[in-house]
2 protein chains.
Amino acid sequence: MSVVEQGRPLTPAAQRVLDVAGTLFYERGIGGVGMELIAAEAGVTKKTVYDRFGSKEALIVAYLRTRDRRWRAFVTERVTAAPGPRAGILATYEALDTWQRRHNARGCSMVNACAELPDPEHPVHRVAAEEKAWLRDVYRRLVTEARYDDPESLADRLLILHEGAIVTYSIGGLPDSARIARDTADALLPR
Amino acid sequence: MSVVEQGRPLTPAAQRVLDVAGTLFYERGIGGVGMELIAAEAGVTKKTVYDRFGSKEALIVAYLRTRDRRWRAFVTERVTAAPGPRAGILATYEALDTWQRRHNARGCSMVNACAELPDPEHPVHRVAAEEKAWLRDVYRRLVTEARYDDPESLADRLLILHEGAIVTYSIGGLPDSARIARDTADALLPR
DNA sequence: ACCTATCTATACCGGTGTGTATACTTGCGG
DNA sequence: CCGCAAGTATACACACCGGTATAGATAGGT
């Protein structure tokens, strides 16, 4: 049984494989990276990779889940540190700005994965949908907490701004997209 | 010399190939479609495909350029039919709404292509950048024409809303994303 | 009548990619 | 001390994919 099918802690080799897969999948695309290369780069045999993860599909899912977990923790930290719900909303865009400048020249890993694996039955679509639903809930919660009118519609608007900032940063030629999205949200939110 | 390297009219077989490639690339992804399949589906030999287009890369570029041309014509038509610059801006989101409901369950073909072919030197990145730059210019022109303050910043905000609506429609679970983006723009633009 | 462009039919080459099989080693816990 | 989990090393099966080669058919223009 592979190590991902129940949340056991990763073996050292499996951790290295997951780390390498994370950077390679993101930088070169999922289809552009073979299991052979991942194994070599992690200093591991292909057999070890398959013993730990079972298949490429499972490794892809593990890669996305790991990235998702980190991203959620990063945002949550920034939001809870904010002095109130309104500042919390703006903090999501500031977090995005920081995240992008740190390690995000290639857009959203979820969106990219869905682009490469179009079959809607493929597990990556579930992971991606969960991530977007999570962010939408974050906005809903904050908007409700701030007692704005029409919270659901407002949360959708904030989500659209967020996703738009990600795309326009990587291919729209807007290196300040997150900051612009933040200011747009600031203009949309009553004081 | 291939038929795309100078704008000669396409031969009947080449046109069929381009049509088939258009739907298949979009629906199954570029990496998920082989030249063999495209040829077969178009009722054509692989040799014909290579005689007309030269390579898969060139066929991909032709596919994106064709789609881009149609999209620009569609938007331009709606914008020029609008009674003024403010209505023109809103018309871009209404056009997106129509376009998405008609044939767009899988997001932006440019974004998807860039996700599949990460090398920034690959020609698809140039095509994608041109398309986004064009849309940004559309917004700049309209915003300037409407004599709003800070036109460049406002145009960027409108572009972010637009791209966000595309992503959240296909992955974010917002079937009304374009309409929401339109209403958001409506709220942002002084009357 | 001939030439050229277009297209069919089919076979093939080299490379790559996922996944499996086999045999051996190392280290730790009961 | 033994057994099991984790890992190395290597080879291989099988499929697919981009691209090429060869040979022939068809039709329109000069």
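Just so you know, these numbers come straight off a predicted model, no measurement behind them. Just the heavy atoms: all of them, side chains too, but no hydrogens, waters or symmetry mates, feed the values below.
To the nearest angstrom, P of dG19(D) lies 13 Å from CG of Asp51(B). In this entry the distance linking CG of Leu10(B) with P of dT6(C) reads 11 Å, nearest Å. Straight-line distance from the CG atom of Leu59(B) to the P atom of dC17(D): 15 Å, rounded to whole Å. Summarising the geometry, the separation between CD on Gln15(B) and P on dT6(C) is reported as 15 Å, rounded to the nearest angstrom. Rounded to a whole Å, the CZ atom of Arg16(B) is 14 Å from the P atom of dT6(C). We find that NZ of Lys56(B) is positioned 15 Å from P of dT20(D), with the value rounded to whole Å.
Side-chain atoms of Tyr148(A) never come within 3.5 Å of backbone atoms of Leu189(A) as a donor-acceptor pair (strictly under, hydrogens ignored). Checking side-chain atoms of Glu145(B) against main-chain N and O of Pro85(B) turns up no donor-acceptor pair under 3.5 Å.
Within residues 28-44 of chain B, the residues approaching DNA chain C are Gly43(B), Val44(B), by heavy-atom distance under 4.0 Å.
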Summary of protein contacts for nucleotides 20-30 of chain C, nucleotide by nucleotide, where a base hit scores B, a sugar-phosphate-only hit scores S (4.0 Å, heavy atoms): B-BB-------

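Heavy-atom neighbours of Arg101(A) CZ from other residues, nucleotides or ligands within 6.0 Å: above the threshold of 12.
Side-chain heavy atoms closer than 4.5 Å link hydrophobic residues (I, L, V, M, F, W, Y) into clusters, and following such links, even through other members, never connects Ile171(A) to Leu117(B).
A salt bridge does not link Glu27(B) with Arg106(B): none of the charged nitrogens is closer than 4.0 Å to a carboxylate oxygen. The pair Asp68(A)-Arg72(A) counts as a salt bridge, with a side-chain nitrogen and a carboxylate oxygen less than 4.0 angstrom apart. Using a 4.0 Å cut-off between charged side-chain N and carboxylate O, Arg67(A) and Glu131(A) make no salt bridge.
A close approach under 4.0 Å does not occur between any side-chain nitrogen or oxygen of Arg52(B) and OP1 or OP2 of dA5(C). Residue Ser55(B) has no polar side-chain atom (N or O) positioned under 4.0 Å from OP1 or OP2 of dG18(D). Between Thr48(A) and dG7(D) there is no side-chain N or O to OP1 or OP2 distance below 4.0 Å.
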CA sep, side-chain torsions, deciding dist, call: Asp186(A), Arg191(A), salt bridge (Lys or Arg N to Asp or Glu O under 4.0 Å): CA-CA 9 Å; Asp186(A) 190 43; Arg191(A) 284 169 206 273; 3.4 Å; yes

Taking distance alone, no hydrogens or angles, what donor-acceptor pairs closer than 3.5 Å link side-chain atoms of residues 13-22 of chain B to residues at least two apart or in another chain?
{"residue": "Gln15(B)", "atom": "NE2", "partner": "Asp19(B)", "partner atom": "OD1", "Å": "3.1"}
{"residue": "Arg16(B)", "atom": "NE", "partner": "Ala42(B)", "partner atom": "O", "Å": "3.2"}
{"residue": "Arg16(B)", "atom": "NH2", "partner": "Ala42(B)", "partner atom": "O", "Å": "3.3"}
{"residue": "Arg16(B)", "atom": "NH2", "partner": "Gly43(B)", "partner atom": "O", "Å": "3.2"}

